Structure formats: structure tokens, C-alpha cells
Amino acid sequence: MSDCIFCKIAAGEIPSRKAYEDETVLAFYDLDPQAPTHVLVIPKAHIPSAAAITTENSAMVAHIFEVIAKVADELGLKEGFRVVSNCGVSAGQSVPHLHFHLLGGRDFTWPPG
Ligand code: DGP
């Protein structure tokens, strides 16, 4: 999508600090980190949110979770990590391109705020 900031990051039109990249997935550091490690993992193809995951694109989501496990291991998150996908306005989604926050390096509370 031409006006989507994460599509532009995926295309290399906006720079990012990359943690992982392959043909279909990009992981890059969040510019407003909420934990010592805070990486965003996105599909390069535009999917608006978790509400738009379907049979047609769910293999991509499975691949994203493989990438999350790989990046968490490479970044040494051995004590644990949290994966968050905010979906919709009331959940706090600010960028309408599916993304998974990979957060680690500190303890997390439950339930989340
Ligand atoms: P959410 O609020 O769940 O939609 O998360 C969006 C995240 O994206 C938020 O933590 C800040 C991050 N973000 C927004 N714009 C940029 C950007 O241009 N570069 C990077 N690295 N992160 C961004």
C-alpha cells in the first residue's frame, strides 16, 4: 500500500535497523522501545491487522512465528519474551499493517494494561 509506513520500511524506502530479513518477512527495531529488546516482525505484504488473517495468508503468520523464535534466540532472550499484536483502535494499534512486537530483557506484568 503506497501510504503505509511499514510497507515503505519493508521496501527499503524508509530506513530501519534490521534484526532479520528474508523474502517475505522483516524484523526491525521499534523506534519507541518499550523494553530493552523491542523488535517488530512484519510480513512484507500488506495485511492490515490480525483481524485480516485468513486461510489464504495464515502460512505467512506461521512463518512469522518461526522468525520470532529465531530472532528471540539470536538476541539471547533466554529468560523469556512477550509477543504482542495490537489489533484495532481500542487495543492501541497505531500502524495499520500487521506487526508483532517481540519484547524482552525485562519482566512483564499480567494482565497487560
Ligand atoms: P502499534 O502501536 O501496536 O501499532 O505499534 C506500532 C509501533 O511501530 C510503535 O511501537 C512504534 C513503531 N513505529 C512507528 N513508526 C515507526 C518507524 O518509522 N520506524 C520504526 N522502527 N518503528 C516505528
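Source: prediction; values computed, not measured. Just so you know, ligand 1 is whichever comes first in the structure, and atom 1 is the first atom listed for that ligand.
Contacts between Ser94 and ligand 1, counted as non-hydrogen atom pairs separated by less than 4.0 Å, involve both the backbone and the side chain. For Phe6, every heavy-atom contact with ligand 1 shorter than 4.0 Å involves the side chain, none the backbone. Counting heavy atoms under 4.0 Å from ligand 1, residue Gln34 does not touch it at all. At a heavy-atom cutoff of 4.0 Å, ligand 1 is contacted by the side chain of Phe28 but not by its backbone.
Within ligand 1, counting atoms from 1 as listed, the ones closer than 4.0 Å to a heavy atom of Val95 are 4 (O), 6 (C). Residue contact check: Ile9 has heavy atoms under 4.0 Å from atoms 17 (C), 18 (O), 19 (N) of ligand 1. Taking every heavy atom of Gln93 and a limit of under 4.0 angstrom, the matching atoms of ligand 1 come to 4 (O). Listed by number with element, the atoms of ligand 1 under 4.0 angstrom from any heavy atom of Ile5 are 18 (O).
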Problem set entry | Full working for side-chain contact (heavy atoms from CB on, under 4.5 Å) between Ile42 and Phe28 | CA-CA 9 Å; Ile42 68 168; Phe28 58 99; 3.8 Å; yes
Problem set entry | Steps toward side-chain contact (heavy atoms from CB on, under 4.5 Å) verdict (Ile68, Phe100) | CA-CA 9 Å; Ile68 286 170; Phe100 295 88; 3.9 Å; yes
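Residue Tyr29 has at least one N or O atom closer than 3.5 Å to an N or O atom of ligand 1. Note: no N/O pair closer than 3.5 Å links Asp32 and ligand 1 by distance alone. Where the criterion is an N or O separation shorter than 3.5 Å, residue side chain and backbone included, His38 fails it with respect to ligand 1. In terms of polar-atom proximity, Leu40 is not counted as a contact of ligand 1, lacking any N or O under 3.5 Å from an N or O of the ligand.
When all heavy atoms of Gly105 and Leu77 are compared, the closest pair comes out as N-CD2, 4.0 Å. Residues Gln93 and Pro48 approach most closely at NE2-O, 3.0 Å, considering heavy atoms.
Considering only non-hydrogen protein atoms, atom 1 (P) of ligand 1 sits nearest to His99 NE2, 3.1 Å. The single protein non-hydrogen atom nearest to atom 7 (C) of ligand 1 is Asp30 OD2, 3.4 Å, given as residue, atom name and distance.
Atom 22 (N) of ligand 1 has its nearest heavy-atom neighbour, among Leu31, Val84, Ile42, Ile14, in Leu31.
Enclosure of atom CD in Glu13 by more than 12 non-hydrogen atoms of other residues, nucleotides or ligands within 6.0 angstrom is indicated. When the shell of 6.0 Å around CG of Asp22 is examined, it contains more than 12 heavy atoms from other residues, nucleotides or ligands.
Heavy-atom distances between Ser16 and ligand 1 stay at or above 4.0 Å for every pair. Residue-ligand proximity: Arg17 is placed with every non-hydrogen atom at 4.0 Å or more from ligand 1.
Just one residue in the list Val95, Leu26, Ile14 forms a side chain to side chain contact (heavy atoms under 4.5 Å, CB included) with Phe6, and that residue is Val95.
Val39 is not listed as a side-chain neighbour of His101, based on a closest heavy-atom distance of 4.5 Å or more. Between Asp107 and Glu79, the closest side-chain pair of non-hydrogen atoms is not below 4.5 Å.
Relative ring orientation between His97 and His46 is described as perpendicular, the plane-to-plane angle rising above 60° on a 0-90° scale split at 30° and 60°.
The cluster map of Ile, Leu, Val, Met, Phe, Trp and Tyr, joined by side-chain heavy atoms under 4.5 Å apart, puts Ile64 and Val84 in different clusters.
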